[in-house]
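No hydrogens, no waters, no symmetry mates; every other heavy atom, side chains included, goes into these values. The structure displayed is predicted, hence computed values, not measured ones.
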Amino acid sequence: MDETVAEFFKRTILKIPMTEMMTILKAWGFLSENQLQTVNFRQRKESLVQDLVLLCEKKRASLNDAAILDIVYTQFHRHQKVWDVFRMSREPGEDIDLFDMEQFKRSFKKILQRALKNVTISFRDAEENAVWIRIAWGSQYRKPNQYRPVYVVYYSQTPYAFTSSSQLRSNIPLLGQALTIASKHHQIMKMDLRSRYLDSLKAIVFKQYNQTFETHNSTTPLQERSLGLDINMDSRIIHENRIEKERVQRVTQETFGYYPQPRLEFAQYKLETKFKSDLNGGILAEREEPLRCLIKFSSPHLLEALKALAPAGIADAPLSPLLTCIPNKGMNYFKIRDK
């Protein structure tokens with residue numbers, strides 16, 4: 001094992017929190033149980049890293065082994081990345097061939113290696129017929145940078161791929177070409193959907209959020225739920241409040257469903273409109289260029305925050321479709337123009 005690979009192992013292991021070290025190493029599967037038992041996991045991290053690198057060196061670990069360890073770490077910490085969604089399509093009426101994951105991997109790797117002299121590609125199979133792909137980009141004259149890879153998660157026999165955001169935008173067309181050809185599609189487009197929460201993106205594009213999750217009180221009748229009313233209030237006010245609260249609750253549940261929402265951190269709206277006025281003159285009357293503005297809603301859990309607005313009395317029910325259509329449309333970037 002040369003110094004470059006040893007340094008790569010060292011940096012990768014240093015990233016792993018001590019509380020997760022054993023779990024991630026076992027998931028990696030390169031070092032056996034007996035080998036791991038020879039290591040003192042209670043020593044200082046720097047010493048632990050040296051011992052683990054030495055074990056890897058004795059077992060003649062390769063660059064690909066180090067890359068797979070990095071994939072395992074990223075799978076555990078996928079929320080540290082920002083993920084984009086790509087959707088592929090086939091020609092109308094085209095027959096769907098039987099999918100072979102190993103053939104997909106060979107084809108994907110061959111396409112990238114033909115286009116780039118210096119690139120390393122590693123694969124790790126995951127749950128639900130998914131494969132994680134790690135790509136370290138280089139150039140014609142520069143070796144691949146192992147510390148700024150791009151990750152791709154592809155679910156077999158689906159038109160969707162999820163990629164971590166990359167600073168090397170020039171390689172995105174090549175990546176798209178490799179995905180479409182290897183998965184036997186013809187076109188690929190980037191969706192207006194982005195988040196740190198990969199599982200939520202998957203739930204949105206596969207329409208799984210209304211099937212997978214349930215709330216504990218989803219079957220409780222409205223009249224049985226506490227409305228938080230003062231028992232000393234006038235009975236007519238109580239009656240009116242109850243009717244309004246029930247209406248808001250019903251509309252909210254019709255809009256968002258009975259299940260927890262997929263987790264997104266923001267929704268962005270770009271507005272572009274012509275100035276309109278019935279009055280003659282004015283400094284904007286002759287303006288040819290449209291008026292533009294950008295509105296961004298952000299929250300640690302945006303859709304749950306939107307779902308809580310009307311019941312909290314902050315907004316009227318129902319909310320605007322521009323806010324509630326995010327999961328159904330599979331978008332959190334919107335462009336609004338005049339019709």
Side-chain angles (χ1 to χ4, degrees), residues 78-79 81-87 159-165 189-220 222 225-228 240-276 290-339:
R78 59 189 71 183
H79 61 280
K81 304 290 180 184
V82 177
W83 298 91
D84 294 308
V85 186
F86 286 82
R87 180 170 56 203
Y160 296 103
F162 306 84
T163 71
S164 62
S165 296
M189 62 171 289
K190 183 178 178 182
M191 297 177 63
D192 293 320
L193 183 62
R194 172 183 282 194
S195 174
R196 291 187 178 275
Y197 298 97
L198 180 61
D199 293 338
S200 289
L201 294 176
K202 181 172 74 77
I204 289 173
V205 298
F206 293 150
K207 305 296 183 184
Q208 294 175 333
Y209 51 89
N210 59 347
Q211 302 167 10
T212 307
F213 307 110
E214 295 180 358
T215 56
H216 295 294
N217 63 345
S218 60
T219 57
T220 306
L222 285 172
R225 298 178 192 168
S226 174
L227 298 175
E240 290 177 1
N241 282 350
R242 179 178 290 113
I243 291 176
E244 176 59 17
K245 282 181 176 287
E246 288 180 355
R247 184 193 73 82
V248 170
Q249 189 74 21
R250 183 179 66 254
V251 171
T252 300
Q253 289 176 346
E254 288 173 356
T255 304
F256 292 95
Y258 295 98
Y259 38 83
Q261 301 300 298
R263 190 163 185 174
L264 299 174
E265 310 95 290
F266 66 91
Q268 181 173 293
Y269 299 83
K270 285 186 177 180
L271 176 64
E272 187 175 292
T273 182
K274 290 282 188 179
F275 178 76
K276 298 174 183 177
L291 300 172
R292 297 182 177 91
C293 70
L294 176 67
I295 301 171
K296 187 173 182 179
F297 297 89
S298 60
S299 167
H301 202 328
L302 177 66
L303 295 178
E304 283 292 346
L306 294 175
K307 185 178 179 180
L309 287 178
I314 299 173
D316 293 333
L319 296 178
S320 167
L322 284 172
L323 296 174
T324 60
C325 72
I326 294 172
N328 289 332
K329 286 188 175 293
M331 300 170 61
N332 60 346
Y333 286 85
F334 294 87
K335 294 180 180 179
I336 306 169
R337 295 187 176 94
D338 291 332
K339 293 183 179 179

Please determine whether side-chain contact (heavy atoms from CB on, under 4.5 Å) holds for the pair Leu264 and Ile204, giving the CA-CA distance in whole Å, both sets of side-chain angles, and the decisive distance to 0.1 Å. CA-CA 10 Å; Leu264 299 174; Ile204 289 173; 4.0 Å; yes

Between Val205 and Arg87, is the side-chain contact (heavy atoms from CB on, under 4.5 Å) condition met? List the steps. CA-CA 9 Å; Val205 298; Arg87 180 170 56 203; over 6 Å; no

Carefully, step by step, assess Val85 and Tyr160 under the rule side-chain contact (heavy atoms from CB on, under 4.5 Å). CA-CA 7 Å; Val85 186; Tyr160 296 103; 4.2 Å; yes

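Residues Glu254 and Arg250 form a side-chain contact, since some pair of their non-hydrogen atoms from C-beta on lies under 4.5 Å apart. Residues Leu193 and Leu201 are in side-chain contact: their nearest non-hydrogen atoms beyond the backbone lie under 4.5 Å apart. In this structure, Ser165 and Trp83 have side chains that are not in contact, with every pair of non-hydrogen atoms separated by 4.5 Å or more. For the pair Phe266 and Asn332, the minimum side-chain heavy-atom distance is below 4.5 Å. Looking only at side-chain heavy atoms (C-beta outward), Thr255 and Leu319 stay at 4.5 Å or farther from each other. The shortest distance between side-chain heavy atoms of Val82 and Arg196 falls below 4.5 Å. A heavy-atom distance below 4.5 Å is found between the side chains of Leu306 and Phe256.
Separating the CD atom in Gln268 from the CZ atom in Phe334 is a distance of 11.0 Å, to the nearest 0.5 Å. To the nearest 0.5 angstrom, Cys325 atom SG is 7.5 Å from Met331 atom CE. Of the inter-residue distances, the one linking Arg337 atom CZ with Leu271 atom CG reads 10.5 Å to the nearest 0.5 angstrom. Taking CD of Glu244 as the reference point, atom CD of Glu246 lies at 10.5 Å (rounded to 0.5 Å). Distance check: Arg247 CZ to Thr252 OG1 gives 8.5 Å after rounding to the nearest 0.5 Å. Taken to the nearest 0.5 Å, the CD1 atom of Ile336 stands 7.0 Å off from the OH atom of Tyr269.
Between Phe206 and Phe162, the ring planes are perpendicular. Angles over 60° get that label, and only those under 30° would be called parallel.
Counting non-hydrogen atoms of other residues, nucleotides and ligands closer than 6.0 Å to CG of Asn328 gives a total above 12.
Here the shortest heavy-atom pairing between Ile326 and Ala267 reads CD1-CB, 3.7 Å. For the pair Val248 and Pro311, the tightest heavy-atom approach, listed with the atom from each and the gap, is CG1-N, 3.7 Å. The two residues Val251 and Pro318 come nearest to each other via the heavy atoms CG1-CB, 3.5 Å. Across all non-hydrogen atoms, the minimal contact from Arg263 to Ser200 is N-OG, 2.6 Å.
Residues Ser195 and Glu265 have side chains that bring a donor and an acceptor to within less than 3.5 angstrom of each other.
Side-chain N or O atoms of Glu304 include one that pairs as donor or acceptor with a backbone N or O of Gln261 at under 3.5 Å.
For Arg78, the side chain to side chain donor-acceptor pair (under 3.5 Å) partners at least two apart in sequence or on another chain are Asp199.
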